[in-house]
Protein chains: 2
Amino acid sequence: MKNIEPKLIELFKTGYCTPQIARIAKKLHEPGTTIHYNIKRLEKEGKIKAYGAVFDYKKIGYGYCVYVFANLKSDKYGDPEEMADKIAKDPNVESVDICSGDFELILKLRTRDVDEYYEWVKKSIKLYHFAKTLSQISLKQVKAEFVKL
Amino acid sequence: MKNIEPKLIELFKTGYCTPQIARIAKKLHEPGTTIHYNIKRLEKEGKIKAYGAVFDYKKIGYGYCVYVFANLKSDKYGDPEEMADKIAKDPNVESVDICSGDFELILKLRTRDVDEYYEWVKKSIKLYHFAKTLSQISLKQVKAEFVKL
DNA sequence: TAAATAATTGAATATTATACGAAAATATGA
DNA sequence: TCATATTTTCGTATAATATTCAATTATTTA
C-alpha cells in the first residue's frame, strides 16, 4: 500500500498537531473564543514550542532506550554547545543536556535494538568528538515525556 | 482575570491536542480521508499514546531540570516497578526508567528552581523509599522530547 | 483462484477553529 | 483620583476542518 505510517510518525514527533479548543472549552466551562485567545497568547509568548504525539516506542520500532553520558575530546571540551547543537539534530536523540560533573553531556537515545545502538555509538564517537561515554540502558520505560507508558 | 494559563499547561502536558489532518494531507499529497484512516489506525493499535504540547520550560516556571539516579531501600529493592509506578504519578517527573547498574531508577525531574528541587528531594526520600540518590543538574537543555529548545 | 479482509477515496455532513467587534476588566500615568 | 490606554473576555458570523458513509480498489488468506 502507501505506507503512510512512517511519514506520519515523523511528522508527529514534533508537530502537525493542534489544540482541541472545543474540548478544552467544555472541560473548563469557558467560551471557546476565550480559550482560543489564551492559547494564541501562549504560542506568541513562545511558552509553547510545539504540539506533537507521544508514542509507544516499542510498537513503532524504537523500543531500545539508552541514556548516554559523554565526555568531549579536548578540542571541543571548552565549547560543549557546538557539539550539543549538532547532536540535537540527530533523529535518534530525544534529549540533549549540558551538565557539570564527570560528563559534559547527557543524551537520551532511542533505537530499534542493540545492533542499531552499536552502530550509533560507532558513528557518534567520531562524529561528535566523544572522548569517553558511559551508557545506562533502560530495562523498562515507565514514563516518558510526562506520559505514563 | 481568569488565569486560564496554568490550566491549559496542565491539559497540554499529556493531551487535549489532535492531529492536523488537512495540513498533513497537503504536505503528503494524499486525500484527507486516507490520512484520517491511517491516523485512526495508529491510535487503535496503541502506537500513539497521546497528543500534547512541548513547552519552553524556563518560560512556564519549570526551568530547573535534574536527572536523578536512585537506589531503593532494601524493602523495595526487589520490586522497583511498584515504586516506579508511584513516582510516575509525580507531576514534576517527566520520565521514569528502570535500569541495571549502580542505580535502579533514572528520573528526569522539572522544578521551578533549586529550592523547589530541594523540597522535592526531602519529600521523595521518604515517599519513594530512596536509599541513595545521585543528581546531575542540567546546565542547559538543548533538546527535549525531540524538540530543539 | 475465490472469498474475505484491509486500505483508499470522493461526496455529504457535522464539528470546529477563527475573525471580528463590542464590552468588561485591568493597567498606566499625570 | 480620574482619564486614557491596553489587555482580556466573549457572542455572533464565517471559514476551515474533521468525520461519516458508501463505493472502489488492493491485499491477504485459505
Side-chain angles (χ1 to χ4, degrees), chain A residues 1-63 91 112-113 145-148, chain B residues 1-63 91 112-113 145-148:
Chain A
M1 291 266 115
K2 296 203 163 180
N3 205 22
I4 294 168
E5 198 177 296
K7 291 172 194 165
L8 289 177
I9 289 171
E10 204 45 45
L11 292 179
F12 285 154
K13 256 170 124 180
T14 59
Y16 287 88
C17 297
T18 196
Q20 294 179 290
I21 293 173
R23 247 185 88 201
I24 297 165
K26 258 179 212 157
K27 169 97 177 171
L28 300 183
H29 306 288
E30 299 287 351
T33 45
T34 301
I35 299 300
H36 182 266
Y37 175 84
N38 276 273
I39 290 174
K40 289 303 152 194
R41 197 185 43 197
L42 274 171
E43 293 172 0
K44 212 172 296 169
E45 291 172 342
K47 291 180 179 174
I48 291 175
K49 296 288 288 184
Y51 302 99
V54 180
F55 303 97
D56 188 321
Y57 289 96
K58 232 184 273 179
K59 288 185 180 168
I60 64 167
Y62 282 90
R112 172 177 289 280
D113 49 33
E145 298 168 69
F146 286 107
V147 176
K148 184 90 194 329
Chain B
M1 289 268 127
K2 294 204 161 180
N3 206 22
I4 294 169
E5 197 176 296
K7 291 173 194 166
L8 288 177
I9 288 171
E10 204 45 45
L11 292 179
F12 285 154
K13 256 170 122 180
T14 58
Y16 287 88
C17 297
T18 196
Q20 294 179 290
I21 292 173
R23 247 184 89 201
I24 298 165
K26 258 180 213 158
K27 170 99 178 166
L28 301 184
H29 306 289
E30 299 288 351
T33 44
T34 301
I35 299 300
H36 183 265
Y37 175 84
N38 277 273
I39 291 174
K40 289 303 154 193
R41 197 186 42 197
L42 274 170
E43 294 171 359
K44 211 172 296 167
E45 292 172 342
K47 291 179 179 175
I48 291 176
K49 297 288 287 185
Y51 301 98
V54 180
F55 303 97
D56 188 324
Y57 290 96
K58 231 184 271 179
K59 287 185 179 166
I60 64 167
Y62 281 92
R112 172 177 291 280
D113 50 33
E145 299 169 68
F146 287 106
V147 176
K148 183 91 195 329

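Residue numbers start from 1 in every chain, and the chains themselves are labelled A, B, ... in the order their sequence lines are given, proteins ahead of strands. As a basis for the values below, the full set of heavy atoms in this structure was taken, side chains included, without hydrogen atoms, waters or symmetry mates.
For B/Lys2, a side-chain nitrogen or oxygen approaches OP1 or OP2 of D/dC10 to under 4.0 Å. Dashed line: the shortest gap from a side-chain N or O of B/His36 to OP1 or OP2 of D/dA18 is not under 4.0 Å. For D/dT8, one of the phosphate oxygens OP1 or OP2 lies less than 4.0 angstrom from a side-chain nitrogen or oxygen of A/Tyr37. Note on A/Asn38: every side-chain N or O is 4.0 Å or more away from OP1 and OP2 of D/dT8.
In this structure, the nucleotide among D/dT17, D/dT19, C/dT9 sitting nearest to the side chain of B/Ala22 is D/dT17.
Judged by the 6.0 Å distance and 45° axis criteria, A/Arg23 is positioned over the aromatic ring of B/Tyr16.
Here the two rings, on B/Phe12 and B/Phe55, have centers that are 6.0 Å apart or farther.
Residues A/Asn3 and A/Ile21 both approach DNA chain C. Their nearest nucleotides, taken by heavy-atom distance, put A/Asn3 toward the 5′ side. Summary of the strand contacts: B/Thr33 and A/Pro31 both lie near DNA chain D, and taking for each the nucleotide with the nearest heavy atom, the more 5' one is attributed to A/Pro31. Taking for each of A/Gln20 and A/Met1 the nucleotide of DNA chain C with the nearest heavy atom, the 5'-most of the two is the partner of A/Met1.
Using a 4.5 Å heavy-atom cutoff, the side chains of B/Met1 and B/Asn3 are not in contact.
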Inset, instruction - Just do the salt bridge (charged side-chain N to carboxylate O under 4.0 Å, His left out) check on B/Lys59 and A/Glu45 with the steps written out, would you? - result: CA-CA 9 Å; B/Lys59 287 185 179 166; A/Glu45 291 172 342; over 6 Å; no
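Rounded to 10 degrees, the angle separating the terminal helix axes of the helix from C/dT1-D/dA30 to C/dA30-D/dT1, each built from five base pairs, is 60°.
For the pair B/Lys27 (side chain) and A/Leu11 (backbone), a donor-acceptor distance under 3.5 Å is absent.
The structure places CD1 of B/Ile24 at 11.0 Å from NE2 of B/His36, a figure rounded to the nearest 0.5 Å.
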